[in-house]
Amino acid sequence: MKNILYKILPVCLLTIGLTGCEDETKYRPLPEAVPLTMSINEKAFVMGEHLKVDIKVEPDADGNEVVANEDFDIYFTAKAGTDDVANVFEPFSSIVTFPKGEKQIQVDFPVKTSGLTGTTTMEFVAFARGYKIANSSQGIKVSDYYRISMSLENNTENVVTEGGKFVLVAKVDKPSSVPLEVTITPKEGEEDRYDNLPSTLTIPAGRTSVKSAAVTIKQDYEMTGDLQLVLNMESNSSANPMTASTLMITMTDLESMADPDLYDMTTVYENPNIMFISYDDDWFTGKETAKMDEGTAHPNAELGSQWKFDYAIEFHKNSTSGDYQKLGNATDANRGSVLKIDWTKYAKVTDEGELNICVGVEGTNYGTAGIHCCKSLGQMWAQNVTRIYPGMRIEMKVRLGGNRTGFVPMIEVKNPATATTCKEAKQSICILKNVSGSAITQSVRGEAISDAKSVVTAIPKVEDYNIYWVELVDESTIKLGINGSTTLEVTRDMLDSWPFTKASTGTSIGAKGLYLVMRMDLFGEGNSVSSELPAGWDTELKSINPANYATEGPRMEIDWIRFYVNDNYKREADELVNRDYKVSAPGKFYQFY
């Protein structure tokens, strides 16, 4: 077979001595072959439809049409990888002759009218010896039906980080004359893992796709490891079923990606259970202790290069009584009608040496404790303990317990010049706030509540002890953290107002320095309980014997509080601090100084 095509001349050639065109001069041989082109009518087919393949001789480089000079064979194959899938057509023409003198032919490949299941994706290929065929390989799909596929936009691996977003895309290969609706249902037990998940997606008539709005996988603040989430899908059209009835989404667990120091107290202290005592204290003879005096470097080598010991409050049950209270009873008029503050009833030092702040029922309301220290109400008040100024690091070893639904454990450092005792207020630093589950919120608030920087961190074992801390590094920087990890750093230029310089905390004896508040609060604002709480949220609490509130109810247990200072810390000589009392009479709180 010769590889020759002939040119079709648009007009007869006129030469000297000729008066007309001869038939034999109409076609002239070309010096080289002109390529062929393959084209197809669609990219997707279902049972009973026809794949129509056109093989065309293209014009030459000058735009002149050409035709075949001879008969030649074209070979067709249909393969999925190395597998022959030509049996989806009936019949399948594997060899077709392109006739001499033609410039285009069409070959019909009927798809079977029955017996197909699902979708076969293939490469449909044409080949002719000695000829080049442009677009000779075409990817097509042959299916039983035009099925609807569901996928994540720009996410072929279906992997979404916890707290991240995705967009659902529903597609069909051929537009329908009627709308196609897909029902989307999360797997049982996974309904609450999404925000803004649509219950349906509808592909409009005449269109081939539709997108959802952004869907969020909620952060659960638990270390669950990566999860396989499942969305079940169903089409309302029997003629357009789903390609797959489920969509699997891999949720990458955010907590598993976190700094491991976040969960390890030993990154702060090699043995965080050891109690601090002074060098001249013999009260705990025979017990495992660490002797610390004012100015001693932090036991952690890295922290010790900057932070020096200033003061500690260690809680221990003891029969000895002192003359002054180291901790103050913090009331809250803002919550008074729904939350009765009574520290003698709801704050106890346990036999294990922990300050237990719990919650109970007070008639139709609730009761708890609000406790503060370092608040300068007068130079003779023992709550002074130490002055909280820039250049101080405060550490607290804390664990949470019980069903805390509706109750919020909170520890804050506040500016007494602007803050009420218990109300969450402006000009405060939140070291710990637990609204639900194991989520810990830490924040720095400026002049207005909205003027704040905050972070929510998951501590999967909040019912185990963790060390929560704040560093007022200097007059322009505040850091918050948990165990050995810094979770939030806020600088002066990040807030509209910065009430955490020494000058801004007050100059009178009654308002020198910030102060520390520890309490349980109600989920709600002012004199009301949040309407967001589920029905029966306090049933469990009401069923507890009041004698067991501290062991069975919602609670916050504090093992110790420790204060360190750096070179930026300045306490003047006239700023008196009560540092010489160990035991308070009412609650028998032991404080090491």
Side-chain angles (χ1 to χ4, degrees), residues 163 192-193 195 218-222 330-343 345-347 356-372 396 398-414 419-426 428-443 445 448-450 452 454-460 462-463 466 468 482 517-544 546 549-550 552-558:
D192 294 335
R193 289 196 171 274
D195 266 335
K218 295 179 184 177
Q219 188 174 351
D220 60 12
Y221 306 106
E222 301 286 346
T331 59
D332 187 354
N334 183 62
R335 309 286 274 164
S337 63
V338 290
L339 191 62
K340 307 302 181 183
I341 304 296
D342 186 346
W343 80 323
K345 188 174 182 179
Y346 294 106
N356 185 316
I357 301 175
C358 62
V359 174
V361 178
E362 291 281 331
T364 59
N365 298 315
Y366 311 93
T368 188
I371 297 174
H372 66 72
M396 308 187 72
V398 183
R399 67 180 173 185
L400 308 179
N403 178 2
R404 298 180 300 283
T405 300
F407 295 97
V408 183
M410 294 191 71
I411 299 175
E412 289 185 294
V413 173
K414 297 190 173 187
T420 57
T421 302
C422 275
K423 181 182 178 182
E424 185 174 16
K426 57 188 177 182
S428 64
I429 304 166
C430 183
I431 302 173
L432 182 158
K433 179 179 180 181
N434 171 240
V435 176
S436 64
S438 63
I440 300 298
T441 299
Q442 296 176 302
S443 63
R445 297 180 181 275
I449 292 291
S450 58
S454 65
V455 64
V456 180
T457 306
I459 297 295
V462 293
E463 297 189 356
N466 293 285
Y468 303 88
I482 303 173
V517 178
M518 299 156 280
R519 75 186 198 276
M520 298 286 288
D521 199 0
L522 273 171
F523 182 41
E525 294 294 332
N527 293 324
S528 64
V529 178
S530 175
S531 60
E532 298 176 31
L533 289 171
W537 67 274
D538 58 353
T539 301
E540 182 177 333
L541 176 64
K542 290 178 177 178
S543 70
I544 297 173
Y549 284 149
E552 297 180 12
R555 57 198 180 274
M556 174 167 58
E557 297 169 351
I558 303 170

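Since the model is a prediction, treat every value here as computed from it, not as a measurement. Computation of the quantities below employed the complete heavy-atom set of this structure, encompassing side-chain atoms and omitting hydrogens, waters and symmetry-equivalent molecules.
Applying side-chain contact (heavy atoms from CB on, under 4.5 Å) to P409 and the options I440, V398, L432 leaves one that passes, L432.
For the ring pair (Phe, Tyr, Trp, His ring centres under 6.0 Å) test, residues two or more places apart in sequence or in another chain that qualify with F407 are Y366, W537. Listed by chain and residue number, E222 satisfy the side chain to side chain donor-acceptor pair (under 3.5 Å) test with S438 (two or more places apart in sequence, or in another chain). Under the rule for a side chain to side chain donor-acceptor pair (under 3.5 Å), Y549 has no partner lying at least two apart in sequence or in another chain. Shown here are the side chain to side chain donor-acceptor pair (under 3.5 Å) partners of E540, two or more places apart in sequence or in another chain: N403. Take Q219 and apply the side-chain contact (heavy atoms from CB on, under 4.5 Å) test, not counting sequence neighbours, and it matches E162, Y221, L254, E255. Applying the side chain to side chain donor-acceptor pair (under 3.5 Å) criterion to K218, with sequence neighbours excluded, gives no partner residue. Evaluation of the salt bridge (Lys or Arg N to Asp or Glu O under 4.0 Å) rule for D342 yields no partner, not counting sequence neighbours.
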Under the side-chain contact (heavy atoms from CB on, under 4.5 Å) criterion, do L541 and V361 qualify, and how do the steps go?
CA-CA 7 Å; L541 176 64; V361 178; 3.9 Å; yes
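A salt bridge links R519 to E412: one of the charged nitrogens lies within less than 4.0 Å of a carboxylate oxygen.
Within the model, atoms CD1 of I371 and CE of M520 stand 12.0 Å from one another, a figure rounded to the nearest 0.5 Å.
The heavy-atom pair separating L522 from V338 by the smallest distance is CD1-O, 3.7 Å.
The list of salt bridge (charged side-chain N to carboxylate O under 4.0 Å, His left out) pairs with a residue in residues 398-409, not counting sequence neighbours, reads E354-R399, R399-E557, R404-E463.
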